[in-house]
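Single-structure report; data block below.
Numbers for residues simply follow the sequence, beginning at 1.
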Amino acid sequence: MASKITNPFTFLQQVRSETAKVTWPSRRETVISTIMVLVFAVIAMIFFFAADQVMALGVELILGIGR
């Protein structure tokens with residue numbers, strides 16, 4: 001497969017034209033998305049902490065080891 005060598009200047013022009021086609025999020029959309037990610041990360045953290053504590057308690061009750 002032959003590769004076509006592109007001039008760096010042409011490449012940068014193509015990159016610039018493609019970047020102009022991108023629909024960038026507004027500041028408000030970015031802030032809302034960031035807050036949502038942080039909230040869901042905290043929810044996941046609480047869930048996995050609780051699951052770990054329940055499993056640790058179960059292992060302690062069943063096997064008598066731990067803690």
Side-chain angles (χ1 to χ4, degrees):
M1 177 178 243
S3 65
K4 182 180 175 186
I5 297 181
T6 304
N7 180 350
F9 182 71
T10 305
F11 174 74
L12 291 175
Q13 283 180 329
Q14 292 172 349
V15 168
R16 188 171 181 181
S17 68
E18 289 297 321
T19 304
K21 296 177 187 176
V22 174
T23 303
W24 298 101
S26 67
R27 182 176 194 86
R28 184 174 186 269
E29 291 171 331
T30 304
V31 169
I32 289 172
S33 296
T34 302
I35 291 170
M36 288 176 55
V37 167
L38 293 174
V39 166
F40 281 107
V42 169
I43 290 170
M45 177 185 64
I46 292 168
F47 170 77
F48 286 114
F49 177 77
D52 182 56
Q53 294 301 310
V54 168
M55 287 187 268
L57 181 63
V59 167
E60 185 177 353
L61 292 174
I62 294 171
L63 301 176
I65 58 173
R67 293 189 192 191

Side-chain touch Thr19/Trp24, heavy atoms, less than 4.5 angstrom: yes
Using 0.5 Å steps for rounding, measure from the CG atom of Leu57 to the CG atom of Asp52. 11.0 Å
Between Val39 and Val31, is there shared hydrophobic-cluster membership here, with clusters defined by ILVMFWY side-chain heavy atoms closer than 4.5 Å? yes
Any link between Leu38 and Ile43 through a network of hydrophobic side chains (Ile, Leu, Val, Met, Phe, Trp, Tyr) touching at under 4.5 Å? no
Grouping ILVMFWY residues whenever side-chain heavy atoms fall under 4.5 Å, the cluster of Val42 otherwise contains Met45, Ile46
Of all pairs that satisfy salt bridge (Lys or Arg N to Asp or Glu O under 4.0 Å), the ones with a partner from residues 18-47, not counting sequence neighbours: Glu18-Lys21
Do the side chain of Ser17 and the main chain of Gln14 share a donor and acceptor less than 3.5 angstrom apart? yes
Let me confirm one number: the CE-CZ distance from Met55 to Phe48, rounded to the nearest 0.5 Å. 9.0 Å
